[in-house]
Peer 1: 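Got a structure here, written out as structure tokens. Questions coming.
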Amino acid sequence: MSSDKIKTDAEWRAELSPEQYRVLRKKGTERAFTGQYWDNHESGQYHCAACGEPLFPSETKFDSGTGWPSFYRAITPAAVAEKTDTSLGMSRTEALCQRCGSHLGHVFPDGPAPTGMRYCINSASLDFKKKQD
């Protein structure tokens, strides 16, 4: 992961809301069906809420029925880093912002075509930029 500037924990706390800090920096998870973007159907781009890096185009968002925003592809292959997560007594693939290393959610191999992947992402990790008409 690269970073324009490595921020201190105090800087992250000052810049992010308490919920964003808990999710992005402490690898928390928001409750299903509670995030602001799980049911968003507008056209635009989803960016990292911590650093602003573009992560997912709205065209790759789909309703997974899980209660979290789900995408079948990142905006570019390099936008989202993946790391093995063995917390909670299971092995999962964590999704991280490639630019700042913030926790986004997890990636599962049960998504739709064409990729078969499901990026299950916390709304608190995202900042949506609506497409201008």
Side-chain angles (χ1 to χ4, degrees):
M1 266 156 276
S2 66
S3 178
D4 295 341
K5 173 183 176 253
I6 302 297
K7 294 183 182 181
T8 66
D9 191 60
E11 287 173 317
W12 284 122
R13 279 187 189 273
E15 290 179 21
L16 302 170
S17 73
E19 177 69 354
Q20 287 174 322
Y21 177 81
R22 184 183 73 80
V23 172
L24 288 158
R25 304 311 304 169
K26 296 300 179 184
K27 303 183 186 295
T29 301
E30 63 198 11
R31 287 190 351 254
F33 302 101
T34 64
Q36 64 178 334
Y37 299 127
W38 76 269
D39 198 29
N40 182 32
H41 300 286
E42 294 187 274
S43 291
Q45 281 186 349
Y46 294 86
H47 296 246
C48 175
C51 73
E53 184 74 4
L55 298 172
F56 301 97
S58 60
E59 296 81 20
T60 66
K61 188 173 185 288
F62 69 98
D63 182 2
S64 64
T66 62
W68 287 279
S70 296
F71 306 87
Y72 61 80
R73 179 184 298 132
I75 199 161
T76 66
V80 177
E82 297 180 9
K83 179 181 172 188
T84 300
D85 173 6
T86 56
S87 65
L88 305 179
M90 63 181 106
S91 183
R92 301 179 292 173
T93 302
E94 180 183 9
L96 302 153
C97 175
Q98 180 70 23
R99 183 176 184 204
C100 71
S102 289
H103 174 77
L104 304 173
H106 289 88
V107 186
F108 302 96
D110 61 2
T115 65
M117 302 306 289
R118 173 173 54 97
Y119 291 83
C120 189
I121 307 298
N122 292 286
S123 288
S125 298
L126 300 172
D127 180 29
F128 180 71
K129 308 255 191 246
K130 188 175 178 180
K131 186 177 184 177
Q132 299 302 315
D133 295 327

Peer 1: Once salt bridge (charged side-chain N to carboxylate O under 4.0 Å, His left out) is applied, what residue pairs with a partner in residues 52-64 remain, sequence neighbours excluded?
Peer 2: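 Sorted pair list: Glu53-Arg99.
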Peer 1: With rounding to the nearest 0.5 Å, note down the distance linking CD1 in Ile121 to OH in Tyr46.
Peer 2: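 Going from the CD1 atom of Ile121 to the OH atom of Tyr46 covers 11.5 Å.
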Peer 1: Are Ser58 and Gln45 packed together at the side-chain level, in the sense that at least one heavy-atom pair is separated by less than 4.5 angstrom?
Peer 2: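 Of all side-chain heavy-atom pairs linking Gln45 with Ser58, none is under 4.5 Å.
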Peer 1: Please give me the minimum heavy-atom distance between Ala50 and Leu16, naming the atom from each residue.
Peer 2: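 Reported closest heavy-atom pair: CA-CD2, 4.0 Å.
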Peer 1: For Arg73 and Pro114, which heavy atoms make the closest approach, and how far apart are they?
Peer 2: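 Distance-wise, the nearest heavy atoms are NH2-CG, 3.4 Å.
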Peer 1: State, with a plain yes or no, whether a side-chain heavy atom of Cys48 is found less than 4.5 Å away from one of Cys100.
Peer 2: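 Side chain of Cys48 against side chain of Cys100, heavy atoms only: contact under 4.5 Å found.
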Peer 1: I'd like to know if Ile75 and Tyr72 are part of one continuous hydrophobic network [Ile/Leu/Val/Met/Phe/Trp/Tyr, side-chain heavy atoms within less than 4.5 Å].
Peer 2: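 Unlinked, Tyr72 and Ile75 end up in two clusters.
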Peer 1: Taking Pro18's backbone N and O only, do any of them form a donor-acceptor pair with Gln20's side chain (distance below 3.5 Å, no angle check)?
Peer 2: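 Absent.
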Peer 1: Could you walk me through whether Arg25 and Ser102 satisfy the side-chain contact (heavy atoms from CB on, under 4.5 Å) test, starting with their C-alpha distance in whole Å, then the side-chain angles of each, then the deciding distance to 0.1 Å, before giving a yes or no?
Peer 2: CA-CA 6 Å; Arg25 304 311 304 169; Ser102 289; 2.8 Å; yes
Peer 1: Kindly compute the distance separating OG1 (Thr84) from CZ (Arg92), expressed to the nearest 0.5 Å.
Peer 2: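 It comes to 11.5 Å.
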Peer 1: For Glu94, enumerate each residue passing the side chain to side chain contact (heavy atoms under 4.5 Å, CB included) test, keeping only those at least two apart in sequence or located in another chain.
Peer 2: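 Listed in chain order: Lys27, Lys83, Asp85, Leu96, His103, His106.
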Peer 1: Indicate the atoms forming the closest heavy-atom contact of Gln98 with Ala81, along with that distance.
Peer 2: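 Heavy atoms of Gln98 and Ala81 come nearest at OE1-CB, 3.0 Å.
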Peer 1: Quick one: are the ring centres of Tyr21 and Trp12 less than 6.0 Å apart?
Peer 2: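 Not close enough - the centres of the two rings lie 6.0 Å or further apart.
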Peer 1: Mind jotting down which residue pairs meet the salt bridge (charged side-chain N to carboxylate O under 4.0 Å, His left out) criterion with at least one end in residues 103-114? Sequence neighbours excluded, please.
Peer 2: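 Checked against salt bridge (charged side-chain N to carboxylate O under 4.0 Å, His left out) - neighbours excluded - the pairs reaching residues 103-114 are Asp110-Arg118.
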Peer 1: Do side-chain atoms of Arg22 reach the backbone of Thr29 as a donor and acceptor pair under 3.5 angstrom?
Peer 2: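 Side chain of Arg22 to backbone of Thr29, a donor-acceptor pair under 3.5 Å: yes, one is there.
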Peer 1: Quick one: closest heavy-atom pair of Ser125 and Val23, and the distance?
Peer 2: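 Smallest heavy-atom distance, with atoms named: OG-CG1, 3.3 Å.
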Peer 1: Give the C-alpha distance, both sets of side-chain angles, the deciding distance and a yes or no for side-chain contact (heavy atoms from CB on, under 4.5 Å) between Ser64 and Cys120.
Peer 2: CA-CA 9 Å; Ser64 64; Cys120 189; 5.7 Å; no
Peer 1: Checking side-chain contact (heavy atoms from CB on, under 4.5 Å) for the pair Asp127/Tyr37: CA distance, chi angles, key distance, verdict?
Peer 2: CA-CA 9 Å; Asp127 180 29; Tyr37 299 127; 4.2 Å; yes
Peer 1: Using the rule that Ile, Leu, Val, Met, Phe, Trp and Tyr join whenever any side-chain heavy atoms are under 4.5 Å apart, tell me whether Leu104 and Met117 fall into a single cluster.
Peer 2: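 Linked, Leu104 and Met117 end up in one cluster.
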Peer 1: How about Thr60 and Tyr119: do any of their side-chain heavy atoms sit closer than 4.5 Å?
Peer 2: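 Result no, sub-4.5 Å side-chain heavy-atom pair not found.
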Peer 1: At their closest point, which heavy atom of Ala74 faces which heavy atom of Val80, and how far apart are they?
Peer 2: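 Closest approach of Ala74 to Val80, heavy atoms only: CB-CG2, 3.8 Å.
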Peer 1: Do you know which two heavy atoms are closest between Pro112 and Phe62, and how far apart they sit?
Peer 2: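 Closest approach of Pro112 to Phe62: CD-CZ, 3.3 Å.
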Peer 1: Working to the nearest 0.5 angstrom, can you tell me the gap between Asn122 CG and Trp38 CH2?
Peer 2: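 Going from CG on Asn122 over to CH2 on Trp38, the span is 15.0 Å.
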Peer 1: Would a hydrophobic clustering, with Ile, Leu, Val, Met, Phe, Trp and Tyr connected at side-chain separations under 4.5 Å, put Leu126 with Val107?
Peer 2: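 Linked within one cluster.
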Peer 1: With a 3.5 Å distance limit and no angle check, can you tell me whether Glu30 reaches the backbone of Ala124 through a side-chain donor-acceptor pair?
Peer 2: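 At least one qualifying donor-acceptor pair exists.
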Peer 1: Tell me whether Trp68 contacts the main-chain N or O of Gly35 through its side chain, where contact means a donor paired with an acceptor under 3.5 Å.
Peer 2: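 Absent.
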